[in-house]
Structure formats: C-alpha cells, structure tokens
Colleague: 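Before we start, here is the structure in question, set down as structure tokens.
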Amino acid sequence: MDAEDGRVTVVVASQNRRADLLASLPVHRAPVILVDNASTDGSADAVAAACPEVRIIRLPRNVGAVARTVGVRAATTPFVAFADDDSWWAPGSLHQAADALADHRRLGLVCARILVGPEERTDSVSELMAASPLPQDASVPGSALLGFVACAAMVRRSAFLAAGGFDPVVRFPGEEERLALDLAAAGWAMSYVKDVVVHHHPSPSRQPPSRRQFGIARAATLTALMRLPWRDAVGELRGVAAQSSSHRSGVVRGLREAPAALRRRRPVPAEVAAMRRLLVRW
C-alpha cells in the first residue's frame, strides 16, 4: 500500500500477537517500524516473511511501552503515529494529523477518535476526550488534553524524545500519563481531534480485567510518585486504592517499586498540577 504522507512513520510495539500483526500491518498507509518485545510465538519471523517492507527491531527482552520509544528513535520522519497490533489509522487520518502538527507549532500530540470493532462504536474514552473541561487553546485545533491513548496518538518526534518518551519505570500499561505530564510541563499542547480516526479491533489475546486494573493502579502510583506534588500524590494513591482489590494490589506493587520512581521524581509546574486537579474533580 502506498504511503499516505511522507512525514509520518507508524510504530507498532508487540509481543506474541502473530495473527493480529499479520492482519493489521498490511493495512497501514505509512512506513512501519515493528518493535518486537521478545516474542516467543514466531511473530517477527512471520512478519519478515509476509511483510518484507516492514522494518523489524527485535528486542532481547520485553521492555513494555519503552519499545515504542525504541521505534521513535529509529524513525527519521518528523511525526510518528503509534498503533497497536490490533489497531490502524483510517484512510486520510495520518495526513490530517500530520497537517495539524505541521500547521500548529505548539502542538506536540494529536489523539484520534477510536472506533471499536466492526460495528465502529466510538470508544468511551474518546467521548470523554471530546468533552474535556480543560480550557481550549485557540492556537491549536480540537479539545485540550492532559492525557491520551497511545494506540491512537501521533506525536511530534522531537517533542516526544525531548520529554523522554515512554519510560522504564512505568513500562506498561498506563504509560501515557507520565509522558503527557512531561509534554505539558515543557509547554506542548495536546489535542483530541474527532475527525482523525483510528480503528481498534481488540485482540482476543488480552489480559483479564483484574490484571489490567492491577497494572493501571501500579502505573498511577509510580506516575504520582514521579510527577505529582506530594499532596496530590497521596490523594491519587488513596483514590486509586479505593476502587477495587485489584487496584489496591496495584498500588501496593507500585509502592514496592517506589525507589526507582523517586530517583526520577520531578514534580510538574503548578499550572500543570492545577490542570490535572481540574480533571480529577470533573
């Protein structure tokens, strides 16, 4: 398939999702870098045989979302779109998102509307983003954000790398918040643009809900310790732990990993913390 926009590379990070990759990779309308997180199901070899145009980076161990950072470093285009092994950008959307980034120099990230499954249901997360209570910046398009969904995001490569990309402390899942906070702290705007669309057909090979709740709570704990003012961090941990026993276990795990987070602690500026408080109260 011909590239839709020469300014964009698609980065896909994956582990043990061979069938999903073989179905989704041919649909992408841009050069693809696949970063394989030490798969054991022959994913990388199968892709190399079926999709020789895809550049494959094989990692010796699973580094979670850091694999996306590896892919962005390898890309040479000014903009990078992320996709999961079970998602892809709709026709025209790579070009639209790239235009938004090119035309608005303060814009560091565009998040697309996610359509789920063959029925193309708008994801509830997209509906929340569309109704964002954050003050709208007239200098950029769309709804103002302080977070995003990685599989539906296009980033300005230079901004992403300057903000540190996805880090080895949080890893996966829940890796987006710390990066969003750091982009905002650096002065970058992030926008939800509803006319930009990503399709997501959730893989049948997924974690059970309790395991994902555990992972999200762990990530929230580590992000809070790394970036939030202490009062906000304590409130975050209490609120997350109160949601369920799985969330509580995730907070406990995050606290056990606190030394790694605290070594990277750099609280966000007051204005970014205030934006986050607005979202928490919303």
Side-chain angles (χ1 to χ4, degrees), residues 64-66 69 106-109 111 124-137 140 142-150 153 155 159-160 162-192 210 212-282:
V66 176
T69 305
R106 284 196 59 252
L107 191 59
L109 180 148
C111 196
S124 58
V125 173
S126 297
E127 293 174 345
L128 286 173
M129 289 182 176
S132 170
L134 295 176
Q136 180 58 47
D137 183 342
V140 296
S143 303
L145 299 178
L146 190 61
F148 62 95
V149 179
V155 296
F160 175 90
F166 296 112
D167 66 74
V169 176
V170 175
R171 296 189 299 277
F172 179 86
E175 67 274 16
E176 294 96 341
E177 185 180 13
R178 193 239 89 227
L179 176 58
L181 290 170
D182 282 357
L183 285 169
W188 292 104
M190 291 163 277
S191 293
Y192 168 75
S210 61
R212 183 160 182 84
Q213 290 166 0
F214 171 90
I216 292 294
R218 171 190 166 273
T221 300
L222 293 168
T223 299
L225 294 175
M226 281 192 285
R227 292 295 181 266
L228 299 187
W230 283 122
R231 184 174 180 178
D232 294 28
V234 171
E236 176 76 358
L237 270 57
R238 286 176 175 167
V240 171
Q243 293 182 47
S244 72
S245 59
S246 297
H247 285 90
R248 223 166 14 253
S249 297
V251 170
V252 170
R253 173 60 66 85
L255 290 172
R256 288 176 181 165
E257 299 177 36
L262 293 174
R263 284 194 293 271
R264 291 170 175 253
R265 180 168 172 77
R266 190 175 68 249
V268 295
E271 60 271 21
V272 176
M275 289 169 61
R276 190 180 183 280
R277 288 186 206 113
L278 177 60
L279 290 171
V280 170
R281 291 194 300 268
W282 180 47

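This is a predicted model, so every value here is computed, not measured.
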Colleague: Are the side chain of Arg218 and the backbone N or O of Val170 linked by a donor-acceptor pair below 3.5 Å?
Modeller: yes
Colleague: Do the side chains of Leu228 and Thr223 get nearer than 4.5 Å, heavy atoms only?
Modeller: no
Colleague: Kindly compute the distance separating CD (Glu236) from CD (Glu177), expressed to the nearest 0.5 Å.
Modeller: 6.0 Å
Colleague: Please name the pair of heavy atoms, one in Val268 and one in Ala273, separated by the smallest distance, quoted to 0.1 Å.
Modeller: CG2-N, 3.8 Å
Colleague: Check the orientation of Phe148 and Phe166. Use parallel for under 30°, tilted for 30 to 60°, and perpendicular for over 60°.
Modeller: tilted
Colleague: Output, in order, the C-alpha distance, side-chain angles, deciding distance and verdict of side chain to side chain contact (heavy atoms under 4.5 Å, CB included) for Leu146 and Val272.
Modeller: CA-CA 9 Å; Leu146 190 61; Val272 176; 4.3 Å; yes
Colleague: Are any of the side-chain heavy atoms of Arg212 and Pro173 separated by less than 4.5 Å?
Modeller: yes
Colleague: What's the spacing between Leu222 CG and Leu255 CG if we round to 0.5 Å?
Modeller: 8.5 Å
Colleague: Does the Ser132 side chain pair with the main chain of Leu145, one donor and one acceptor, at a distance under 3.5 Å?
Modeller: no
Colleague: Measuring from Ser191:OG to Leu134:CG, what's the distance to the nearest 0.5 Å?
Modeller: 10.5 Å
Colleague: Side-chain contact, heavy-atom cut-off 4.5 Å: Phe160 with Thr69?
Modeller: yes
Colleague: Please name the pair of heavy atoms, one in Pro135 and one in Leu278, separated by the smallest distance, quoted to 0.1 Å.
Modeller: CD-CD2, 4.3 Å
Colleague: List for me each residue that meets salt bridge (Lys or Arg N to Asp or Glu O under 4.0 Å) alongside Arg227, sequence neighbours excluded, and say none if there are none.
Modeller: Asp182
Colleague: Quick one: CE on Met129 to OG on Ser124, what's the gap to the nearest 0.5 Å?
Modeller: 10.0 Å
Colleague: Looking at every non-hydrogen atom in both residues, tell me the closest pair between Ala258 and Leu225 and how far apart they are.
Modeller: CB-CD1, 3.7 Å
Colleague: For Ser143 and Ala130, which heavy atoms make the closest approach, and how far apart are they?
Modeller: OG-O, 3.4 Å
Colleague: Apply side chain to side chain contact (heavy atoms under 4.5 Å, CB included) to the pair Arg178 and Val169, showing each step before the final yes or no.
Modeller: CA-CA 10 Å; Arg178 193 239 89 227; Val169 176; over 6 Å; no
Colleague: Where is the tightest heavy-atom contact between Phe214 and Ser249, given as atom of each residue plus distance?
Modeller: CE1-O, 3.4 Å
Colleague: Passes side chain to side chain contact (heavy atoms under 4.5 Å, CB included), Leu279 versus Met275? Steps please.
Modeller: CA-CA 7 Å; Leu279 290 171; Met275 289 169 61; 5.9 Å; no
Colleague: Flag the pair Met226 / Asp167 as yes when at least one side-chain heavy-atom distance between them is below 4.5 Å, and no otherwise.
Modeller: yes
Colleague: Which heavy-atom pair separates Gly187 from Arg106 by the least distance, and what is that distance?
Modeller: O-NH2, 3.4 Å
Colleague: Return the set of residues passing salt bridge (Lys or Arg N to Asp or Glu O under 4.0 Å) with Arg264 (not counting sequence neighbours), or none when no residue passes.
Modeller: none
Colleague: Does any N or O in the side chain of Gln213 come within less than 3.5 Å of the main-chain N or O of Arg248, such that one atom is a donor and the other an acceptor?
Modeller: no
